[in-house]
Amino acid sequence: MIAILVNGETRQLDNSISVFTLLERLQLAGQRIALEHNGVIVPRSQFNQQLLSDGDQLEIVVAVGGG
Amino acid sequence: MAINWKLWLQSVVVNMEHTMSKDAILIAGKSYSSRLLVGTGKYKSPGEMQAAIEASGAEIVTIAIRRNNIGQSTGEPSLLDIISPSKYTLLPNTAGCYTAEEAVRTLHLARELLDGHSLVKLEVLGDPQSLYPNVVETLAAAKTLVADGFKVMAYTSDDPIVAQTLEDIGCVAIMPLASLIGSGMGILNPLNLQLIVDRVRVPVIVDAGVGTASDAAIAMELGCHGVLMNTAIAAAQNPVLMASAMEQAVKAGRMAFLAGRMPRRLYSASPSSPSDGLIS
């Protein structure tokens, strides 16, 4: 078991998975998001290669209404 | 030879229309025919927002960047489906950021989200009660962002020296407040806006504080190059009608500025009607 922090919330994973697999599980695959992995932006093209480890922090953002 | 007044009038009108059609605002090398920039926040529904933005005629539309509500947003349309990046120039903002670091981080995420889009609205706030800009952090963030290749439109106070410094750093537009964000108090210090317009060479866009159409017209009459607003439209009783009013106010104010207003005179003793030929 590993624990990661996604948008400030802890999530348990059975094993290390890729960013892409996580996004699929969160029903966010293919959606317009931007993602930071431990403070570093991960380009969409690297979602498949980037693996998550215990203690990793993810920020997933979208566009919302604002002035 | 007698003047054909009808022809003369036609040529004047055509000339004016030609002048106005060419009166575009140039921001970071791109020209826009609308000088009204609008936000996408605080609307009652996506449909109302879409209709109001359409009615405003705006070409540049601000958006915010926020954490995705995981598990709560599936099925909801994304803002980017409603406000298409192919139709509008999106201007991601840093609203809610209180440090240069947060603002820079937010805009890097925005650039990733919008496929490398580099035109951004920088705003670093000082405190949550007034939302007054923190110019120290704004200047620091602007330096970093310009070095990172962003085209920065900077929300700031109406201090002309700060405005000049932001231009020197390389910001592509200076966006002083008219009054506090969301206050609708209008233009509280027209003299400072005038000083900024006189001093700065990049576009000056009044951002924040506009409450109704006359405020937008006054900003334009002062020589500001554009106006950015959100709450004045979204919080109106009829946002779509207000959006249209704002479009016309910005145009009217711009035309009045170009036309050049008459000087202000106290007791000019110059009536508009002839002073002779009065019946007695």
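Letters A, B, ... mirror the listed sequences (proteins, then strands); counts begin at 1.
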Main-chain N/O of A:Gly39 paired with B:Arg105 side-chain donor or acceptor, under 3.5 Å: no

Max heavy-atom pair count under 4.5 Å with chain A, selected residue of B:Ile181, B:Leu79, B:Leu113: B:Leu113

Non-hydrogen atoms of B:Glu112 and A:Pro43 that approach each other most closely: OE2-CA, 3.2 Å

Which atoms of B:Lys42 approach chain A - backbone, side chain, both or neither, heavy atom under 4.5 Å: neither

Test side chain to side chain contact (heavy atoms under 4.5 Å, CB included) applied to A:Val6 and B:Arg67, step by step: CA-CA 10 Å; A:Val6 183; B:Arg67 276 178 168 173; over 6 Å; no

Close side-chain approach of A:Arg11 and B:Ile70, heavy atoms under 4.5 Å: yes

Heavy-atom contacts under 4.5 Å, residues 58-67 of chain A to chain B: A:Glu59, A:Ile60, A:Val61, A:Val62, A:Ala63, A:Val64, A:Gly65, A:Gly66, A:Gly67

Under 4.5 Å from a heavy atom of chain A, the part of B:Leu80 involved: side chain

Close approach to chain B in residues 47-55 of chain A, criterion heavy atom under 4.5 Å: none

Most chain A-contacting option - heavy-atom pairs closer than 4.5 Å, from B:Lys121, B:Arg66, B:His108, B:Met49: B:Arg66

Atom CD of A:Gln46 with >12 non-hydrogen neighbours under 6.0 angstrom: yes

Nearest non-hydrogen partners of A:Arg32 and B:Leu114, listed with the distance: NH2-CA, 4.0 Å

